[in-house]
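Worksheet for the structure shown next.
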Amino acid sequence: MPLNSVNTNTGAMVALQSLNRTSDELAATQKRISTGYRVSDARDDGAAYAVAERIRGDMAATTSANQQLGGVKGLLDVTQAALDKVSTTLQTLKTLVVKLADGTLTDDQRTQYQATAKELTNNIQAFIKDASYNGLNILDDANATAIKVVSNDSGTLYSFNSFSALAQVYSAVSGANSWSAGAAKAALTSGGAVGKAITNTLTQLNNFGSYSNYIDSQISYNKAILDAQESGLGALVDADMAKESARLQALQIRQQLGTQALGIANGAPQSLLSLFKG
C-alpha cells in the first residue's frame, strides 16, 4: 500500500492507535496515583480485588472485636478500682475491730468506735454500688452471672463471672457498728466476718486481675493480627508510587510525541494535495 495514499492515511492510523494506547496507559497510571491502589476495583484485577475485600472484611471484624474488648477493659478497670478501695477500707475496719474487741473500753469509747465502723461499712457499700461502667455493675450482682464478650473476628466468646460483693463482703461486716467485744473478737478469726470479707475481696481482686490480663493480651494480639493483615493487603493492592510517578512522566512524554506524530501524519496528505494544486 502506498505510504502517501490519498484514500488511506496509514501513517495517521498507526500514530492514532499508538496515541490511544498511550492515553489508556496514562489513564490507568493516573488512577493508581490518585487512589494509591494498584487494584482499586474489580476491573483492575478481579481475583486480587476479591481477596482484598475478604481481608478488609476480616480486618473490620477484628477491629469491632477490639472495640468490644476495650469496653470490657474499662469495666474491669472500674471494678478493680472499686475492689481496691474496698480492700483498703476493710484493712482500716480490721484495725478498728481490734479496738472493739478490747473489753476495757468505756461505753463512750465503744460508741465512738462503732460510729466509725458504721461509716467504714457504708463506704464499702458505696464503693460496690458505684462500680458501674456503661450501665453495668459486675460487683452488685446477686446471681453472679457469666459475662461474655466477643474476642476475635470469628465471634469467639470469652466468659468470666461477675461477683456478688454486697452478699459476700458488705453483708459480712455491715453489722460491725453493733459488735460487742466478743463479737468483734470472733470477727477477727480466719473464719470470722472480717476475715471472710477480706479473703473474698482479695480472691476477687486476683480473679478480676486475671480477666483484665487476658483482655489486654487479646487486644494486643488482635492488633498484631491487624498489622499483619494490613501489611499483606498493602502488598496485594497498593501501588508503587515511585514507580507510578516515573511511569506517569514517561507516558506524558509519549503522549506529547504521539500527538506530534499524528499531526505530522495528518499533514502528509495535505502536502501531496498541494502538489496537484500547484
Is the count of non-hydrogen atoms from other residues, nucleotides or ligands lying under 6.0 Å from [X] atom [atom1] greater than 12?
| X | atom1 | value |
| --- | --- | --- |
| Q109 | CD | yes |
| R54 | CZ | no |
| D107 | CG | no |

Charged N to carboxylate O under 4.0 angstrom, K73 versus D77? yes
Rounded to the nearest 0.5 Å, what separates atom [atom1] in [X] from atom [atom2] in [Y]?
| X | Y | atom1 | atom2 | value |
| --- | --- | --- | --- | --- |
| Q204 | N206 | CD | CG | 9.0 Å |
| N177 | T111 | CG | OG1 | 11.0 Å |
| L69 | N152 | CG | CG | 8.5 Å |
| T95 | L188 | OG1 | CG | 10.0 Å |
| S164 | I138 | OG | CD1 | 12.5 Å |
| I147 | L75 | CD1 | CG | 7.0 Å |

Determine whether [X] and [Y] fall in the same hydrophobic cluster, where Ile, Leu, Val, Met, Phe, Trp and Tyr are linked whenever their side-chain heavy atoms lie under 4.5 Å apart.
| X | Y | value |
| --- | --- | --- |
| V150 | V72 | no |
| F163 | L202 | yes |
| L157 | Y211 | no |
| L136 | F160 | yes |

Taking the side chain from [X] and the backbone from [Y], do they hold a donor-acceptor pair closer than 3.5 Å?
| X | Y | value |
| --- | --- | --- |
| S212 | F208 | no |
| N137 | I128 | yes |
| T121 | A117 | yes |
| N200 | Q168 | yes |
| D58 | A61 | no |
| S217 | N213 | yes |
| S220 | D216 | no |
| S174 | S171 | yes |
| N222 | S151 | yes |

Quick one: do the D108 and T106 side chains pair a donor with an acceptor below 3.5 Å? no
Using distance alone, with no hydrogens and no angle criterion, decide if N123 and E119 have a side-chain donor and acceptor under 3.5 Å apart. no
Taking it one step at a time, do L96 and T92 satisfy side-chain contact (heavy atoms from CB on, under 4.5 Å)? CA-CA 7 Å; L96 188 64; T92 302; 6.0 Å; no
Restricting to non-hydrogen atoms, name the atom on [X] and the atom on [Y] that form the minimum distance, rounded to 0.1 Å.
| X | Y | answer |
| --- | --- | --- |
| R110 | W179 | NH1-O, 3.6 Å |
| V78 | S132 | CG1-O, 3.9 Å |
| L105 | K99 | CD1-O, 3.0 Å |
| A52 | L233 | CB-CD1, 3.5 Å |
| V97 | A187 | CG1-CB, 4.5 Å |
| L205 | S87 | CD1-CB, 4.1 Å |

side-chain contact (heavy atoms from CB on, under 4.5 Å) between Y170 and L166, worked out: CA-CA 5 Å; Y170 169 70; L166 287 176; 4.2 Å; yes
Side chains of V237 and R56 in contact at under 4.5 Å (non-hydrogen atoms):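 Heavy-atom side-chain distance check passes, below 4.5 Å.
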Check the angle between the aromatic planes of Y158 and Y214 and answer parallel, tilted or perpendicular using the 30° and 60° thresholds. parallel
Output, in order, the C-alpha distance, side-chain angles, deciding distance and verdict of side-chain contact (heavy atoms from CB on, under 4.5 Å) for T79 and Y133. CA-CA 8 Å; T79 300; Y133 181 87; over 6 Å; no
Which of these, I124, T89, V169, sits in a side-chain contact (heavy atoms from CB on, under 4.5 Å) with T201? V169
Between T156 and Q218, is a side-chain contact (heavy atoms from CB on, under 4.5 Å) present by the stated rule, with each step listed? CA-CA 11 Å; T156 302; Q218 188 63 36; over 6 Å; no
